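Notes follow once the structure below has been shown.
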Amino acid sequence: MSKHESFKGIYVAMYSAYNEAGEVDVERVRLLAQYYVDTGITGLYVGGSSGEGLLQTVEERKAVLEAVMDAVKGRLTVIVHVGANATRDAVELAKHAEHCGADAISAVPSIYYRLSEQAVEQHWQAMIDSSSLPFIIYNIPQTTGFQLSASLCAKLAQQEKVIGVKMSGESTYELQQLKAAGGEDFIVFNGPDEQFLAGRIMGAAGGIGGTYGVMPQLFCALDALYEQGRIREAKELQYRINAIINRLLAYPSLYGACKAILQLRGIATGQPRSPLLPVSVEHHASLSALNDEILQLIAEV
């Protein structure tokens, strides 16, 4: 058994929560976090891509985390994405996460400059050194332009605080290679929601995903089927989940569509922050139908 077994499971990559003026609304953040407490998930991943962390100021990101921690009160494991373009901002966010009582921190590389592997390593190392919290590498090369190598993964994994990687690259072979590089106790979280089952089969200990936020129960059920060895049933459920994801991706904004679905359930989170697009009135009817289908599938599993 991995010494980091407690991190295994399903993590919702939590969405942003703004008021009608587009400002962070801490009460809406609390209500959204509270919504996930009883869904069966292991925890929340706060301030990542789905949470629009890179579109928020350092102070806004701190306010979001404080509201999340106040809402969950230790009932969920909280991983905080502290990645920022400037190392000093990431370090400040890492220290704040520890102060708030978060369970772990995570970060992408700096995303504007095309950095060398040495520069990325130093950027991450500054965060690792700034707190006593476990650190989870966030590898998402399709947006950052940086592909985590097996050699750098192995080097970082030698440190006790570096416990895993969120692998959002699209290759499950690379996922397996990072798992091999990190070693037996190294945790790999599957990133692409559409291939959760494939990621689990190839060595992921769980998943962190954005579409989980509108159907966390489905991913918990999918994970349970895998754990029980019911692979045929798991594959069928993954296919049905993927049909939902395909429809979500057809809207102008994935996050706008997901937030609109939550609005239909009485959970207001506002619109995504520009330049991310909202969904328009013309999409409301189809989103309502999709929400009904998601809820029906949740009732079936």
Side-chain angles (χ1 to χ4, degrees), residues 8-15 35-36 38-45 48-50 139-143 165-179 187-262 264-265 267 279 283-301:
K8 177 179 178 181
I10 301 297
Y11 288 79
V12 168
M14 188 170 157
Y15 307 129
Y35 172 72
Y36 293 122
D38 298 321
T39 59
I41 64 171
T42 302
L44 297 171
Y45 189 87
S49 305
S50 301
N139 184 50
I140 183 167
Q142 61 268 41
T143 61
V165 59
K166 180 181 187 290
M167 174 52 179
S168 292
E170 296 172 353
S171 168
T172 53
Y173 165 71
E174 290 172 1
L175 181 153
Q176 181 269 324
Q177 292 294 291
L178 293 179
K179 171 63 178 175
I187 297 175
V188 177
F189 293 98
N190 182 77
D193 302 0
E194 303 91 331
Q195 56 190 44
F196 175 84
L197 178 60
R200 287 289 271 127
I201 289 170
M202 293 299 284
I208 299 170
T211 65
Y212 298 12
V214 294
M215 46 185 168
Q217 300 91 340
L218 297 184
F219 280 93
C220 289
L222 179 54
D223 193 50
L225 289 172
Y226 170 77
E227 286 286 343
Q228 295 161 18
R230 297 160 63 185
I231 301 302
R232 178 176 294 181
E233 293 168 83
K235 186 170 66 173
E236 291 172 357
L237 181 54
Q238 179 77 78
Y239 288 171
R240 297 183 74 179
I241 287 171
N242 286 359
I244 293 168
I245 294 174
N246 287 342
R247 290 168 66 183
L248 289 169
L249 291 171
Y251 291 96
S253 164
L254 170 63
Y255 304 132
C258 291
K259 288 157 73 71
I261 285 174
L262 289 179
L264 291 168
R265 299 176 191 174
I267 305 160
V279 292
H283 300 119
H284 288 183
S286 62
L287 281 165
S288 179
L290 180 55
N291 179 51
D292 289 343
E293 291 178 36
I294 293 170
L295 294 176
Q296 179 60 42
L297 183 53
I298 288 171
E300 293 174 13
V301 299

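Numbering starts at 1 and runs along the sequence shown. Not measured: the values here are computed from a predicted model.
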Taking P192's backbone N and O only, do any of them form a donor-acceptor pair with S168's side chain (distance below 3.5 Å, no angle check)?
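No; zero donor-acceptor contacts below 3.5 Å.
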Shortest non-hydrogen contact from [X] to [Y]?
X    : Y    : value
Q238 : L197 : OE1-N, 2.9 Å
V279 : S253 : CG1-O, 4.3 Å
E174 : M167 : CB-CE, 3.7 Å
C258 : L248 : SG-CD1, 4.2 Å
V188 : G203 : CB-O, 4.5 Å
E170 : Q195 : O-NE2, 3.2 Å

For S50 and Y45, test the side chains for any donor-to-acceptor distance below 3.5 angstrom and give the result as yes or no.
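There is no such pair (donor and acceptor under 3.5 Å, judged by atom type) between the side chains of S50 and Y45.
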Would you check if there is a donor-acceptor pair between the side chains of D292 and Q296 at a distance under 3.5 Å?
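There is no such pair between these side chains.
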Please set out all donor-acceptor pairs under 3.5 angstrom arising from side-chain atoms of residues 208-225, sequence neighbours excluded.
from, atom 1, to, atom 2, distance (Å)
T211, OG1, D193, OD2, 2.5
D223, OD1, R200, NE, 2.8
D223, OD1, R200, NH2, 3.2

Flag side-chain contact, heavy atom, 4.5 Å: Y35 against L262:
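Yes, close enough: below the 4.5 Å cut-off.
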Can you measure from CG (L254) to CD1 (I245) and round to the nearest 0.5 angstrom?
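Between atom CG of L254 and atom CD1 of I245 there are 8.5 Å.
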